[in-house]
Amino acid sequence: MGVFVFLPLVLPLTALPIARLAGLHLHPRTAARLLTVLSLVMGVCSTLCLGLLGVIGTAQIPGNPLPDSWSAPEVRDVVPFHEAVGFGSIALLCAVAVACGATLVRHLRVRRRLRHALAAVPRERDVAVLPDRTPYAYALPGRPGRVVASTAMAAGLAPDEYRALLAHERAHLTHRHHRILLATRLASRVNPFLRPLQAAVAFGAERWADEEAAEAVGDRRLTARAVANAALLTHRAGGPHTPPGLAAFAAPGPVPRRVAALLGPVPAAGGWPPAHSPAGLAAMVAAAGTAASALSAVNAAVALLLVLKAATPL
C-alpha cells in the first residue's frame with residue numbers, strides 16, 4: 001500500500017473544486033446535502049486513518065497491550081517511517097479530540113444561554129422578538145424551534161420584507177440546517193482541508209432558505225431586497241451579531257451572491273441540470289469527484305484495517 005494509506009488525510013484537498021462546482025451548478029438543497037455527506041465521510045475516514053496509523057506506529061513499544069503481531073515487520077512496512085508517523089498520528093488525534101470537544105461545548109453553551117434568555121417569552125409563539133437596538137435575526141433550534149429577531153431588525157425592514165425574513169428563518173428550522181452546519185464544522189476540525197466544504201455548506205444552507213422564503217412569499221425580488229436591507233442594517237450596526245454556529249438571515253455567506261441568485265432564474269427543482277448542458281457537465285464532474293474522493297478515502301482506510309485484522313491471531 002505504501003504512501004496510499006495517507007489518502008484519507010490528503011484527499012480532502014479535492015474539496016475546493018468540488019465545492020465550487022456544486023455551488024455554481026446544483027440546487028442549493030442538493031449542494032448542501034451532497035457536500036455535507038462528503039464532508040462527514042472524509043472526516044470519519046481521516047479520523048480512522050489517524051487511529052490506525054497510531055496503532056501501527058506504536059505497537060512495538062514494550063508493554064503495549066496491543067497484539068504483538070501488529071508490530072510485525074510485514075505490518076509496519078505498510079506505513080513508511082512508522083515510528084514518527086505513529087507518534088505524530090497520536091498527537092494529531094489528541095488535537096482533533098480537543099478541537100471537536102471545544103466546538104461541541106461552545107455550541108451547547110450558546111444554545112443553553114439563548115434558551116435561558118428566551119425563558120420569559122411564551123413558548124406558544126414560534127417568533128421571539130427581543131427588545132434590542134442591535135439588528136439581528138436567527139433560527140434557534142430546539143423543541144420547539146424558535147425564530148429570534150430584535151426589535152431593531154423588525155423596525156428596520158418593511159412589513160413584507162420582515163415576512164420574508166421570518167420565512168427564511170422558519171426554513172432553517174424546518175430543514176434542521178443547524179445539524180449540517182455543526183456536522184461540517186466538526187469535520188473541518190478533524191481535517192482543515194475540509195474547510196472549503198464547511199463554507200460551501202454554510203452558504204448553501206442560506207441559499208436553500210432564501211429559495212424557501214421566496215417561494216413562501218411568492219416574490220423573489222422581495223426576498224432579495226430583504227436580504228440586502230437586512231445586511232445593510234447589520235453592517236451599519238457594526239457587523240453581524242449572530243451567535244456562533246446558528247443560521248442567520250444576514251450571514252454567513254457573501255450577500256451579493258445571494259441577492260444575485262434571487263434576482264436570477266429559479267434553480268431547477270429536480271436538483272440536477274440536463275446532462276447535455278454545460279451546467280449538467282459540471283454537476284456530473286462534481287458528483288464524480290465526490291464519489292471518487294469518498295470511495296478512495298474509504299478504500300485506503302478499510303485496507304489498512306484489513307491489514308491489522310489479517311495480522312491478528314485467532
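Keep in mind that the numbers below use all heavy atoms, side chains included, and drop hydrogens, waters and symmetry copies. Residues: numbered from 1 along the sequence shown.
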For [X] against [Y], the heavy-atom pair lying closest together:
X    : Y    : value
P196 : A19  : O-CB, 4.1 Å
P135 : A152 : N-CB, 3.8 Å
A224 : V259 : O-CG2, 3.8 Å
L181 : A205 : CD2-CB, 4.4 Å
R111 : P141 : NH2-O, 3.4 Å
R220 : P265 : NH2-O, 3.6 Å

For the atom pair [atom1] ([X]) and [atom2] ([Y]), what is the distance rounded to the nearest 0.5 Å?
X    : Y    : atom1 : atom2 : answer
E211 : T223 : CD    : OG1   : 8.5 Å
F193 : S188 : CZ    : OG    : 13.0 Å
L194 : S39  : CG    : OG    : 4.5 Å
L40  : L186 : CG    : CG    : 9.0 Å
T134 : L130 : OG1   : CG    : 11.0 Å
Y138 : R146 : OH    : CZ    : 10.5 Å

If we only count heavy atoms from C-beta on, is the [X] to [Y] side-chain gap below 4.5 Å?
X    : Y    : result
L182 : L104 : yes
M42  : C45  : no
L197 : L38  : yes
L233 : M153 : yes
V148 : L114 : no
R170 : E212 : no
L50  : V190 : no
T151 : V129 : yes

If you measure only the distance, is there a donor-acceptor pair under 3.5 Å linking the side chains of R189 and T103?
yes
Should we say atom CZ of R225 is surrounded by more than 12 heavy atoms from elsewhere, each under 6.0 Å from it?
yes
Candidate pair R221 and L262, rule side chain to side chain contact (heavy atoms under 4.5 Å, CB included), full reasoning
CA-CA 7 Å; R221 288 187 172 274; L262 285 168; over 6 Å; no
Checking the side chain of [X] only, and the main-chain atoms of [Y] only, is there a donor and an acceptor separated by less than 3.5 Å?
X    : Y    : answer
R207 : P28  : no
T184 : T36  : no
E169 : V147 : no

Let me see the working for N191 and S46 under side chain to side chain donor-acceptor pair (under 3.5 Å), right down to the final yes or no.
CA-CA 7 Å; N191 193 321; S46 294; 3.2 Å; yes
With the 4.5 Å side-chain cut-off for hydrophobic clustering, are [X] and [Y] part of the same group?
X    : Y    : result
V217 : V227 : no
L222 : Y162 : no
V96  : V44  : no

Decide yes or no on side chain to side chain contact (heavy atoms under 4.5 Å, CB included) for L166 and V127, but give the supporting numbers first.
CA-CA 8 Å; L166 297 182; V127 179; 4.0 Å; yes
Kindly write out the residues that satisfy side chain to side chain contact (heavy atoms under 4.5 Å, CB included) with R33, not counting sequence neighbours, or none if the list is empty.
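R33: side chain to side chain contact (heavy atoms under 4.5 Å, CB included) contacts with R29, W208.
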For the residue pair H175 and H177, does the interplanar ring angle fall in the parallel (under 30°), tilted (30 to 60°) or perpendicular (over 60°) class?
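Answer is parallel, since the angle falls under 30°.
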Aromatic F203 / basic R258 pairing, under 6.0 angstrom, 45° off normal
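No cation-pi geometry.
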Restricting to side chain to side chain donor-acceptor pair (under 3.5 Å), what partner residues turn up for R163, sequence neighbours left out?
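In terms of side chain to side chain donor-acceptor pair (under 3.5 Å), with neighbours along the sequence ignored, R163 is linked to no residue.
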